[in-house]
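First comes the structure, then the notes that go with it.
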Amino acid sequence: MGCSQVKPAKSQSRNKSVTFKDPPVDFIEPNPKAAFVLPIQTIRTPENGLYPPKPPKTRRREIIPDDSMFSSLDEHALKAPKSVDGSVETLGRYLTKPAKNDMDKCRLFYRWITNNISYDTAAMFQGRRKPLDAESVLKLKTSVCAGYANLFSALCSYAEITVQKISGYAKGYNYNPESQFEYGHATTHSWNAVHVDGEWRFVDCTWGAGNCDEFKKFHFDYHDHFFFMNPELFIFTHFPYESDIQMATAWQLLDEPWSLDKFNSHIKPSMKAIEWGIDFVSHLSNVVFTNAVSVFELKSNGTDLCVLNGELLAEKGDTNKTYSYAYKSGPCDYKIVVRPPSIGKYTLRILANTTDDDDAFLLVSYVIKCLSTDGLVRAFPYHWGLWGPIGCLSDYGLILKDTCPLIVTDTGEIQIKLFTNKEIEASSRLSHAENLVRDSDDYVMTEINGGHLLTRARLPKEGYYKLQIMAKLNDDNYKTIITYLLGSKQMLPVVNKLPKCYKAAREFKCCLLEPLTYELPRNTKIRVRLKCSQNLSLVLKKQTLKVERSDDVWDFVSATPNAGEKFCISGKLINSNNVGSTYKGLYEFSII
């Protein structure tokens, strides 16, 4: 049975909203004297033949390449007048008019039910039970899972389609991965299987209809994928359980059926994860034991994720700090690195979106049990989205070989050199995760020289930093094209700020070799060296300098002014006729 949960992320440092979708389940009371669930019913065809449960030979995509193929059928079902839903027979007669085959009929039944039958939250949460037979459900327009399944079965029987109602365990509303299903427990859900074109297919009208929010209120929220879902996906959340265990196992429709232990321990992908075709590669158990760090890997099948975050929540207490980061490790591969700050129990929610939006949807949730840590664990900078390069990095003429965004230094110095084959303007920003560094942008400098984009960064305090490299093409606005996660293992006694680098230095393709400190001593002779392959004229305080050039390195010596003044190097390009434009500022220093 499906119901959704929508709530904002509870964090002062985050202004993004997070959407959680989680269908609820029923608790069907067992018969203490006989079976533990509703007994399985043998459904026979009109010819009195029996179709035993067997795995389908074809996948959903083979018979339903795109759900839009049902658009005209769906429209017919959604436009059904109220006059036709007085009985199963009149409704079935109306719905099947445009159907060309049994799959069409099943789709029409599924779409009408998911649009017209609301989930009975009063029955589920308050125990106010109502009749669950098909005619009663049709009249009341509300039910729990058994009523949804009964109505679908009745419509299929009217259309002479072989159908099976199945009961079992489902990972739905308020599912707790540490709470185990056990044989003998009351079953929690009912769904259907239909025999169409010689193969059994799953249908779950309840979960296809919508979701319940955190206030236990039902919301219609239609889902296509619970119509004829492949058994290997269905088993993630649906486990058949009947008095005949062998027969119940057969209704998994799997070549290699799961045990209940495997079902209990396996992760529960969200409806969005299934819809987007997300494969969880590394961690398939919903409870993860870790020492210091864990790396979660997932793969997308045709869906590009623009946002991916791992939200680590402590069992006790609340924190705004971030202890995970995510990045794209391959064309369809992603990694989420998680480092719990201390020993204890956590919940890890992996959130994603296919657009760079303020919303993210839950993909999967884990229980993390951290057994040990690697000393003091520093928080990562908060970042909404994927670390590393944007998807269209090649548009800026940049090539990035290593996709891992993490760079750790022992010296406090980091240099990043990227090849570029286009004329771009670039800049950079630096920020400390815990805001321990004032004027942090003074510790980063970006230049373009020799077909390379060169970014230098100095990290004055230990911990992690976010480095954003921004660029623009032509007259476009600046856009962050790469986001690095920088780490410093120790606090250095003295870390000098970097010189200010102006736009003209990148325009002229200059690279400063020395001095590489922003603050220079007063009234002192300073040697200045910069690299540039173009013909330059350099000045200091509008006075021509005696500059030597060797192998594209420009070299001169000048005395610094008094304390408190600025030491600015300006330049202009000189053409073949020894004519140049106006002078522009290249680099600036402060005199102390």
Side-chain angles (χ1 to χ4, degrees), residues 11 13-16 295-296 304-312 320-331 333-339 350-358 360 378-409 414-420 424-437 440-448 452-459 463-473 476-488 498:
S11 171
S13 67
R14 298 169 172 82
N15 58 1
K16 310 291 184 177
V295 181
F296 294 78
D304 198 24
L305 300 179
C306 295
V307 173
L308 183 64
N309 285 86
E311 187 178 56
L312 190 67
N320 291 331
K321 294 183 179 180
T322 303
Y323 292 97
S324 69
Y325 65 91
Y327 65 98
K328 194 171 186 177
S329 56
D333 305 304
Y334 301 83
K335 291 184 179 180
I336 303 98
V337 180
V338 180
R339 296 185 65 206
I350 297 180
L351 314 166
N353 204 342
T354 55
T355 60
D356 187 12
D357 203 352
D358 287 350
R378 292 282 185 180
F380 298 121
Y382 174 71
H383 177 59
W384 183 255
L386 289 162
W387 291 83
I390 61 174
C392 57
L393 189 66
S394 58
D395 292 348
Y396 294 83
L398 291 169
I399 299 174
L400 187 63
K401 294 182 179 179
D402 187 1
T403 58
C404 181
L406 177 63
I407 303 175
V408 179
T409 176
I414 287 177
Q415 181 171 296
I416 300 170
K417 193 174 185 180
L418 304 173
F419 174 77
T420 178
I424 63 171
E425 167 55 10
S427 184
S428 53
R429 299 199 64 180
L430 186 70
S431 58
H432 189 268
E434 299 167 88
N435 298 317
L436 299 179
V437 180
S440 54
D441 284 343
D442 292 339
Y443 295 92
V444 63
M445 181 173 71
T446 294
E447 302 168 294
I448 297 177
H452 292 89
L453 187 152
L454 177 66
T455 297
R456 297 186 181 99
R458 289 176 177 159
L459 311 182
Y464 292 96
Y465 298 73
K466 176 160 67 171
L467 170 63
Q468 296 169 267
I469 297 178
M470 299 165 287
K472 67 175 182 176
L473 294 171
D476 295 338
N477 295 325
Y478 277 101
K479 182 177 181 179
T480 299
I481 58 173
I482 309 175
T483 308
Y484 283 101
L485 177 60
L486 309 182
S488 179
L498 286 160

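Numbers for residues simply follow the sequence, beginning at 1.
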With D356 via salt bridge (charged side-chain N to carboxylate O under 4.0 Å, His left out) - residues at least two apart
none
Do K417 and L453 have side-chain heavy atoms sitting under 4.5 Å apart?
no
Show your reasoning for whether side chain to side chain contact (heavy atoms under 4.5 Å, CB included) applies to Y484 and I416.
CA-CA 10 Å; Y484 283 101; I416 300 170; 3.6 Å; yes
Rounding to 0.5 Å, atoms OH (Y464) and OG (S488) come to a distance of 10.0 Å
Going through the checks in order, is the side chain to side chain contact (heavy atoms under 4.5 Å, CB included) test met by K335 and S329?
CA-CA 6 Å; K335 291 184 179 180; S329 56; 3.7 Å; yes
Could you grab the distance from atom CD of Q415 to atom CD1 of I407, nearest 0.5 Å is fine?
10.5 Å
Backbone of Y382 reached by a side-chain donor or acceptor of K466 within 3.5 Å
yes
Taking atom OH of Y327 and atom CG of L485, what is their separation to the nearest 0.5 Å?
10.5 Å
Working for side chain to side chain donor-acceptor pair (under 3.5 Å), residues T455 and S428:
CA-CA 8 Å; T455 297; S428 53; 5.1 Å; no
Pair E425, Y478 - check side chain to side chain donor-acceptor pair (under 3.5 Å), show working.
CA-CA 8 Å; E425 167 55 10; Y478 277 101; 2.8 Å; yes
Spatial distance of atom CD1 (I424) from atom CD1 (I448) [nearest 0.5 Å]:
4.5 Å
Please check: side-chain N/O of W384 versus main-chain N/O of L308, any donor-acceptor pairing under 3.5 Å?
no
Would you give the length of the straight line joining atom OG1 of T483 to atom CE of M470, rounded to the nearest 0.5 angstrom?
9.5 Å
Under the 3.5 angstrom rule, does the side chain of H452 hit a backbone N or O of L454 as a donor-acceptor pair?
no
Residue set satisfying salt bridge (charged side-chain N to carboxylate O under 4.0 Å, His left out) with R339, at least two apart, ordered chain then number -> none
Let's go through V338 and Y323 carefully: what are the C-alpha distance in whole Å and the side-chain angles of both, what is the deciding distance for side chain to side chain contact (heavy atoms under 4.5 Å, CB included) to 0.1 Å, and is it a yes or a no?
CA-CA 6 Å; V338 180; Y323 292 97; 5.8 Å; no
If you count every heavy atom of other residues, nucleotides or ligands that lies below 6.0 Å from R429 atom CZ, does the total exceed 12?
no
Side chain to side chain contact (heavy atoms under 4.5 Å, CB included) for V307 and L351? Distances and angles first, verdict last.
CA-CA 8 Å; V307 173; L351 314 166; over 6 Å; no
Candidate list L430, I482, L459, test side-chain contact (heavy atoms from CB on, under 4.5 Å), partner L467, passing option
L430
Check whether any side-chain N or O of Y465 sits under 3.5 Å from a backbone N or O of P381 as a donor-acceptor pair, and report yes or no.
no
Measure across R378 and G463 and return the closest heavy-atom pair with its distance rounded to 0.1 Å.
CG-CA, 4.0 Å
From OH (Y325) to CG (N309), nearest 0.5 Å:
13.5 Å
